[in-house]
Amino acid sequence: MGGFSNNGSPHSSLSLFSHLRKSTNLVPNSSTYTYAISAASGARDERAGRVVHGQALVDGFDSELRLGSNIVNMYFKFSRVGDARNVFDRMPERDSVLWNTMLSGYGENEMYEESVQVFRELINESSTRFDSTTLLSVLPAVAELQELRLGMVIHSLAMKTGCYSHDFVRTGFISLYSKCGKIEMESARKVFDESPHKSLTSWNAMISGYTQNGLTEDAISLFREMQKSEFSPNPITITCILSACAQLGTLSLGKWVHGLVRGTDFESSIYVSTALIGMYAKCGSIAEARRLFDLMPKRNEVTWNTMISGYGLHGHGQDALSIFSEMLNSGVAPTQVTFLCVLYACSHAGLVKEGDDMFNSMDHRYGFEPSVKHYACMVDILGRAGHLQRALQFIEAMPVEADPSVWQTLLGACRIHKDTNLARTVSEKLFELDPDNVGYHVLLSNIHSADRNYPQAATVRQAAKKRKLTKAPGCTLIEIGGTPHVFTSGDKSHPQVKAIYEKLEELEGKMREAGYQPETELALHDVEEEERELMVKFHSERLAIAFGLIATEPGTEIRIIKNLRVCLDCHTVTKLISEITERVIVVRDANRFHHFRDGVCSCGDYW
DNA sequence: AAATTTTTCG
C-alpha cells in the first residue's frame with residue numbers, strides 16, 4: 001500500500017484505492033485509508049479526501065489514532081478548520097501526535113488563539129503526555145501572540161522535562177523571545193549561549209532575531225563569530241545578513257557579503273539574489289540593483305516587487321511604472337504587495353494621476369480589493385501633492401475603517417503643506433486612537449503651544465513624561481574609508497569636533513551670503529521645543545556632512561544615512577552645501593533617498 | 001519542525 005502515494009500521480013493512487021475497496025477479496029485496513037488520505041492531501045484534492053474520509057467512517061476505521069491524525073491534518077491543509085476540529089472532538093482517545101497535529105494545524109492557519117487554547121486543554125484537562133514536538137508546535141503561536149508569560153511557563157516545562165535537550169526546541173525559544181521585542185533579545189541570547197549543541201538553525205534564528213529587532217550591529221558580529229565556528233552560512237543566513245546590511249545602509253558591508261557569495265551556489269538562490277537587489281537599492285546603488293535584476297535567470301513576484309520599491313525609494317516613479325509593465329508582460333502575476341510598491345513609487349514621485357489610475361485598475365482590472373495599506377498609500381499620494389481636502393474626503397469615504405497609519409499619513413501631508421488647522425483635527429484623532437504613542441503627545445502639545453494654549457500644552461507633555469514615553473534620538477552615519485562614524489544632534493564626542501563645527505560656521509556664512517534664512521517649522525514637528533532650539537543648527541546630518549567634507553578629497557561623493565526623516569531646514573541647507581562645495585551628497589533618511597547636486601535634490605522637494 | 005527576499009505612515 002505504501003507505494004500508492006509514491007507511485008505515479010496521487011490521482012491515480014486514489015482511483016487505485018477505489019478499485020481496491022470495491023474488489024471483494026482484498027479488504028482495506030486503516031493503513032490503506034491513511035495512505036489514501038495522504039495521497040488526497042498531497043494532490044490537494046479536497047473532494048477525494050472527503051470521499052476517503054466517508055468510506056473510513058463506513059468501514060468503522062474512524063477511531064484509529066493514526067488515521068484520525070492524518071484526517072485532521074488533511075482538513076487543516078485544506079483550511080477546513082471546523083472539520084478538523086470535529087474529527088478531533090469525536091476521537092475516543094487521543095495521543096500526543098493527534099494533539100500536536102491540532103496545535104500546528106491551527107498555527108498554520110494563523111489561528112494562534114485556538115492553538116494556544118488547545119495547548120491549555122492538553123496541559124490542564126488531558127492525561128496525554130506532551131513531547132518536544134508539542135512544545136515546538138505551540139511556540140510559533142505563543143510568539144505571534146507575544147504571550148511572553150505563557151512562553152516562560154513553557155520554557156520551565158521544557159527544562160523540567162527532557163524536551164530542552166533538543167536543539168530545535170531551544171531554537172523555538174530563541175525565535176519566541178526575538179518576536180517579543182528588542183528587550184527579550186537578552187533572553188534569546190541566553191538560550192543560544194547555553195545550548196551545548198548548536199545547530200545551523202539556532203545560529204540563523206539568533207541572527208534573524210537581531211535583524212528583526214534592528215540590532216544590526218549585533219547581527220553582523222554574530223555572523224562574524226559564526227564564520228569562525230564549525231558552521232557555514234547557508235542561503236538563509238546570507239539573506240538575514242543582507243537584510244541587516246540593507247537596514248544599516250552600509251554599502252561596503254553589503255558588498256563584502258556579496259563578495260562572499262559571488263561564484264558560489266548561493267547566487268542561484270532566488271532569495272539571496274532578491275535580497276542582494278534589495279540591499280543595493282537600500283544602500284543607494286539603484287543602478288547596481290538593476291544590473292543584478294537584469295542578470296537573474298528567473299524572477300518571482302518578490303523580485304519584481306523589490307525592484308519596483310527600489311525605484312520608489314529613489315523617487316524614480318517612471319522607472320517603477322515601466323518595470324511594472326514589464327512585469328505584466330513577464331508572466332509573473334502582480335500581487336497586492338506589488339500594488340503597494342507601485343503606489344509607494346507614485347507617491348514619492350508626485351505621480352497623482354498615475355497613482356489614481358493604478359488604484360482603480362488594481363480593483364477593477366486585477367480584482368484585488370484594496371486593503372487599508374493601499375488606502376494609506378493613496379492618502380499619501382493625494383496628501384503629498386497638496387490635495388489635503390481630497391485626501392480627507394477619500395478617508396471619509398473609505399469602505400474599511402481608517403487605522404492610525406492612515407491618519408498618520410495625512411498628518412505627514414499637513415506637515416509638508418503647513419496646514420495647522422487640519423493637523424489639529426488629525427492629531428486629536430490620532431491621540432484618541434493611540435494614546436500610548438509619544439509622537440502624538442509631543443505633536444499635540446506643540447499644536448497647543450502654537451495656539452498659545454500653554455496650560456493645555458503643559459498638561460499633554462506632562463502626561464507623556466508620566467508614562468515615561470520617550471522618542472528615539474536622531475542620528476546619522478557616515479562611512480569614511482570603511483569606518484563608520486555616527487553623529488547625534490549637537491554631538492561633541494567626535495575627535496575632530498572642532499574642525500567640524502568650524503566647517504559648519506564657514507558654510508553658514510557662505511549660505512547667508514547666498515540669501516539663506518533658517519526655516520523653523522512651527523508646531524508641526526514632533527520634537528520637544530527646548531530640543532528644537534538646541535538642535536536646529538546642529539542636526540546630526542549636518543555634522544556628518546561637515547565631517548564628510550573635511551575627511552574626503554574635493555569632488556568625492558558624500559553618502560550619509562539618517563534614522564529619522566530629514567527636516568525641511570536641513571534639506572534646504574544640504575541643497576546649498578551641494579552647490580557651494582560642488583559635491584554630490586546622497587542622503588538616505590527614514591523614508592527614501594535624496595540625491596543632492598548643484599543645489600537641487602532628486603526628490604524635487606517632494607518627500 | 002525551526003530559520004529567508006517585497007509592503008503605506010512614523
Side-chain angles (χ1 to χ4, degrees), chain A residues 100 103-104 107-108 132-140 143 166-176 178 199-209 211-212 233-243 246 266 269-279 281-282 299-310 312-313 334-348 355 370-381 383-384 402-413 415 426 430 434 437-440 443 471-472 526 563-565 589-591:
Chain A
N100 297 349
L103 295 172
S104 55
E108 274 157 23
S132 48
T133 309
T134 314
L135 300 189
L136 189 66
S137 305
V138 75
L139 278 181
H166 296 268
D167 185 73
F168 54 78
V169 174
R170 290 182 194 254
T171 305
F173 285 112
I174 294 175
S175 81
L176 165 79
S178 301
S199 64
L200 178 55
T201 313
S202 54
W203 282 91
N204 285 348
M206 197 64 225
I207 292 172
S208 149
T211 312
Q212 281 163 37
N234 69 355
I236 292 172
T237 328
I238 296 296
T239 47
C240 280
I241 282 300
L242 283 171
S243 116
F266 293 174
S269 154
I270 205 158
Y271 281 90
V272 171
S273 22
T274 303
L276 278 170
I277 291 169
M279 181 278 292
K282 286 185 177 143
R299 310 176 185 107
N300 64 13
E301 73 282 5
V302 181
T303 318
W304 287 96
N305 294 352
T306 306
M307 201 60 233
I308 294 169
S309 71
L313 194 64
T335 64
Q336 274 106 325
V337 175
T338 310
F339 285 96
L340 278 179
C341 297
V342 175
L343 291 173
Y344 166 74
C346 289
S347 90
H348 283 257
S371 73
V372 72
K373 289 180 177 181
H374 296 98
Y375 282 100
C377 273
M378 209 47 222
V379 169
D380 195 46
I381 289 177
R384 263 178 218 276
D403 69 356
S405 75
V406 175
W407 292 108
Q408 184 85 58
T409 307
L410 185 58
L411 184 66
R415 186 179 300 168
V426 177
L430 277 167
D434 188 3
N437 190 303
V438 215
Y440 308 153
L443 190 71
K471 194 171 169 281
D526 55 355
N563 65 338
L564 307 175
R565 237 180 112 236
D589 73 7
N591 278 351

Quiz item: Are OP1 or OP2 of B:dT7 and a side-chain N or O of A:Ser309 less than 4.0 angstrom apart?
Solution: yes
Quiz item: At under 4.0 Å between heavy atoms, what does A:Gln212 touch on the DNA or RNA strands: base, sugar-phosphate, or nothing?
Solution: sugar-phosphate
Self-check item: Between C1' of B:dT5 and CH2 of A:Trp304, the distance in whole Å
Solution: 16 Å
Quiz item: When you measure from the side chain of A:Asn234, which nucleotide among B:dT5, B:dA3, B:dT8 comes out closest?
Solution: B:dA3
Practice problem: Report the residues that fulfil side-chain hydrogen bond (donor to acceptor under 3.5 Å, both in side chains) with A:Ser309, sequence neighbours left out, ordered by chain and then residue number. | Solution: none
Quiz item: Closest to the A:Ser405 side chain: B:dC9, B:dT6, B:dT4?
Solution: B:dC9
Exercise. Could you walk me through whether A:Cys377 and A:Leu340 pass side-chain contact (heavy atoms from CB on, under 4.5 Å), step by step?
Key: CA-CA 7 Å; A:Cys377 273; A:Leu340 278 179; 3.8 Å; yes
Quiz item: Got A:Tyr344 and A:Leu313 here, is their nearest side-chain heavy-atom distance under 4.5 Å?
Solution: yes
Self-check item: Distance, rounded to the nearest Å, where A:Ile238 contributes CD1 and B:dT4 contributes C1'
Solution: 11 Å
Quiz item: Can A:Tyr271 be classed as stacking with the base of B:dT4, given a centroid separation cut-off of 5.5 Å and a plane angle cut-off of 30°?
Solution: yes
Exercise. Select base, sugar-phosphate, or nothing to describe what A:Phe168 touches, counting heavy atoms under 4.0 Å on all strands.
Key: base
Quiz item: Between the base of B:dA2 and the side chain of A:Thr201, is there any donor-acceptor pair under 3.5 Å?
Solution: yes
Quiz prompt | Out of B:dC9, B:dT5, B:dT7, whichever nucleotide has its closest atom nearest the side chain of A:Arg384 | solution = B:dC9
Quiz item: Closest to the A:Val302 side chain: B:dT6, B:dA3, B:dA2?
Solution: B:dT6
Quiz item: Do any side-chain nitrogens or oxygens of A:His348 fall under 4.0 Å of OP1 or OP2 in B:dC9?
Solution: yes
Exercise. Let me know the distance between CG of A:Asn300 and P of B:dT7, rounded to the nearest Å.
Key: 14 Å
Quiz item: Side chains of A:Ser202 and A:Asp167: does their closest heavy-atom pair fall under 4.5 Å?
Solution: yes
Exercise. Whole angstrom is fine here: how far is it from CD1 in A:Ile308 over to P in B:dT5?
Key: 19 Å
Quiz prompt | Given B:dA2, B:dT7, B:dC9, the nucleotide with the shortest approach to the side chain of A:Lys282 | solution = B:dT7
Quiz item: Quick one: does A:Ile236's side chain get under 4.5 Å of A:Leu200's, heavy atoms only?
Solution: no
Practice problem: Provide, to the nearest angstrom, the distance between the OH atom belonging to A:Tyr344 and the P atom belonging to B:dT6. | Solution: 12 Å
Self-check item: Atom-to-atom span, OH of A:Tyr375 to P of B:dT8 - whole angstrom
Solution: 18 Å
Practice problem: Measure from the side chain of A:Thr274, starting at C-beta and using heavy atoms only, and say which of B:dT5, B:dT4, B:dT7 lies closest. | Solution: B:dT5
Quiz item: Given B:dA3, B:dT4, B:dT8, which nucleotide is nearest the side-chain atoms of A:Lys373?
Solution: B:dT8
Quiz item: A:Thr171 side chain N/O closer than 4.0 Å to the phosphate oxygens (OP1, OP2) of B:dA1?
Solution: no
Exercise. Mind checking A:Pro404 for me? I need base, sugar-phosphate or nothing, with any heavy atom below 4.0 Å counting as a touch.
Key: nothing
Quiz item: Partners of A:Trp304 by ring-ring contact (aromatic ring centres under 6.0 Å, His included), sequence neighbours excluded?
Solution: A:Phe293
